[in-house]
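Data first, discussion second: the structure below is written as structure tokens.
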Amino acid sequence: MALPVAADDPRRTRFSRALRREATDTTPVWLMRQAGRYLPEYRATRARAGSFLALAKTPELACEVTLQPLLRFDLDAAILFSDILTIPDAMGLGLEFAQGEGPRFARPVRSAADIAHLGVPDPETELRYVMDAVRLIRHELDGRVPLIGFAGSPWTLACYMVEGTGSRDFARIKAMAWNDPASLHRLLDVLARAVAAYLAAQAAAGAQALMLFDTWGGLLAPPMFAEFSLRYLDAIAQHLRAHVVAAVLPLILFAKGVNGAGQLEALADTGCAALGVDWSISLGEARRRVGARVALQGNLDPAALHAQPEIIEREVAALLRAFGPHPGHVFNLGHGITPEVDPESVAVLVDAVHRLGRRAVAEGG
Ligand code: CP3
């Protein structure tokens with residue numbers, strides 16, 4: 001496999017340096033869901049595995065698909081191939097992915113008694129397949145680019161666990177937030193402990209950055225976001241700072257749809273290294289709000305990958321300009337790549353970021 005690079009290759013460190021807000025030769029780029037269905041080689045490996053879950057649970061295959069986008073594109077980071085729902089699966093909810101549908105739990109969490117039964121899974125036994133994948137990917141990457149480990153936020157995991165499946169509005173958990181907040185807090189508390197242990201174990205297994213996905217944080221109005229999501233993101237960040245390995249890794253918080261009313265500032269106050277930003281706010285405004293305290297990761301509308309190459313380049317240039325000539329930008333989409341995207345468009349995007357990012361960095365002096 002043609003992955004290893006020379007000891008002084010900037011790709012080894014560009015991403016980590018940008019997360020620490022240090023100068024880089026150009027803007028680093030990786031893409032959420034960079035390993036996924038838009039790649040024919042991913043679809044072939046998944047067919048070989050038999051299902052998405054079999055793929056995610058077999059370390060050799062998870063490693064193979066993690067590396068697939070890196071063999072095609074000049075990306076600056078790899079992200080562990082797995083899913084946020086591994087934790088509730090290990091808690092005994094029975095995760096299933098029916099072909100062409102989203103996730104579904106055989107045993108959703110609906111009552112105080114259901115919540116009382118949940119325990120914190122031991123990462124090195126019940127989630128061993130994830131840690132084995134991290135170790136194998138680190139070995140195969142051989143230092144070419146850093147590996148990102150990840151987990152879902154307690155709130156976002158709870159959304160799926162209570163509803164039992166994906167939903168547009170997750171009305172069941174919102175009803176629980178109003179009618180039985182004490183039970184919901186018990187659920188979020190056990191999830192925060194599970195997520196912290198899981199991320200710490202990924203760090204110990206070799207992950208070089210950690211990312212928390214709060215995909216459904218934006219469903220909550222600001223006071224409820226503070227109570228049911230931010231509080232637990234904060235608890236996890238604190239726990240990781242006390243962990244011997246995880247403490248030195250950059251933590252990226254991505255709370256989709258959460259940009260208003262001081263929320264970006266509050267997320268930066270957790271002490272995280274970077275905020276993932278969706279495309280509902282300009283990077284310039286996000287940066288004005290949080291200042292130089294954290295790096296920013298984002299935030300191209302994923303649908304821009306359906307535009308003509310010249311338009312993709314134009315959007316990349318506009319986004320780099322919006323961030324401005326400072327260190328501390330990791331280029332990404334504002335959410336995951338969708339399955340219909342042409343891989344050629346991803347090549348155009350990655351090349352444009354590196355080419356135009358050089359100029360953006362140079363103009364910054
Ligand atoms: O390349 C990467 O980004 C790493 C792998 C990754 C996956 N899921 C693989 C996956 C990551 C980081 C995730 C995170 C994840 N999973 C999130 C948070 C980020 C986000 O997208 O908002 C969420 C909410 C999930 C839960 C989940 N997993 C859903 C709702 C679905 C079905 C919808 C969909 O996109 O298909 C999945 C399945 C899933 N996870 C796939 C992949 C590649 C597609 C499954 C397939 O191959 O059939």
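Sequence positions, counted from 1, serve as the residue numbers for this chain. As a basis for the values below, the full set of heavy atoms in this structure was taken, side chains included, without hydrogen atoms, waters or symmetry mates. Both ligands and their constituent atoms are indexed starting at 1 by order of listing.
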In the protein, what heavy atom is nearest to [atom], and what distance, to one decimal place, separates them?
atom: atom 16 (N) of ligand 1; value: Asp83 OD1, 3.0 Å
atom: atom 34 (C) of ligand 1; value: Arg37 NH2, 3.1 Å
atom: atom 35 (O) of ligand 1; value: Arg33 NH1, 2.7 Å
atom: atom 11 (C) of ligand 1; value: Phe150 CZ, 3.6 Å
atom: atom 38 (C) of ligand 1; value: Phe97 CE2, 3.3 Å
atom: atom 4 (C) of ligand 1; value: Leu80 O, 3.5 Å
atom: atom 14 (C) of ligand 1; value: Ile84 CG2, 3.7 Å
atom: atom 46 (C) of ligand 1; value: Arg46 NH1, 3.0 Å

Measuring from non-hydrogen atoms of His335 to any atom of ligand 1, is the shortest distance under 4.0 Å? yes

Any ion pair linking [Y] and [X] (charged N to carboxylate O, less than 4.0 Å)?
X: Asp132; Y: Arg135; result: yes
X: Arg293; Y: Glu265; result: no
X: Glu285; Y: Arg289; result: yes
X: Asp214; Y: Lys256; result: no

Please work out which of Pro69, Ser51, Gly149, Pro103 has its closest non-hydrogen atom nearest to atom 29 (C) of ligand 1. Pro103

Closest to atom 47 (O) of ligand 1 by heavy-atom distance, out of Trp216, Phe213, Phe52, Tyr42, is Tyr42

For [X] against [Y], the heavy-atom pair lying closest together:
X: Phe254; Y: Gly334; result: CZ-O, 3.2 Å
X: Asp74; Y: His354; result: O-CE1, 2.8 Å
X: Val190; Y: Leu118; result: CG2-O, 3.9 Å

Please report whether the ring centroid of Tyr160 lies less than 6.0 Å from that of Phe105.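 Ring centres of Tyr160 and Phe105 not closer than 6.0 Å.
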
Do Trp155 and Tyr232 have ring centroids that are under 6.0 Å from one another?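 So the answer is no for these two rings.
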
Taking it one step at a time, do Arg14 and Asp25 satisfy salt bridge (Lys or Arg N to Asp or Glu O under 4.0 Å)? CA-CA 8 Å; Arg14 220 179 250 155; Asp25 63 323; 2.8 Å; yes

Ligand 1 versus Ser82: contacting region, heavy-atom distance under 4.0 Å: backbone

Can you name the atoms of ligand 1, numbered from 1 with element, that are less than 4.0 Å from a heavy atom of [X]?
X: Ala35; answer: 1 (O), 43 (C)
X: Ile79; answer: 1 (O), 2 (C), 3 (O), 4 (C), 12 (C)
X: Thr215; answer: 18 (C), 19 (C), 20 (C), 22 (O), 24 (C)

Side chain or backbone, does Gln34 bring an N or O within less than 3.5 Å of an N or O on ligand 1? yes

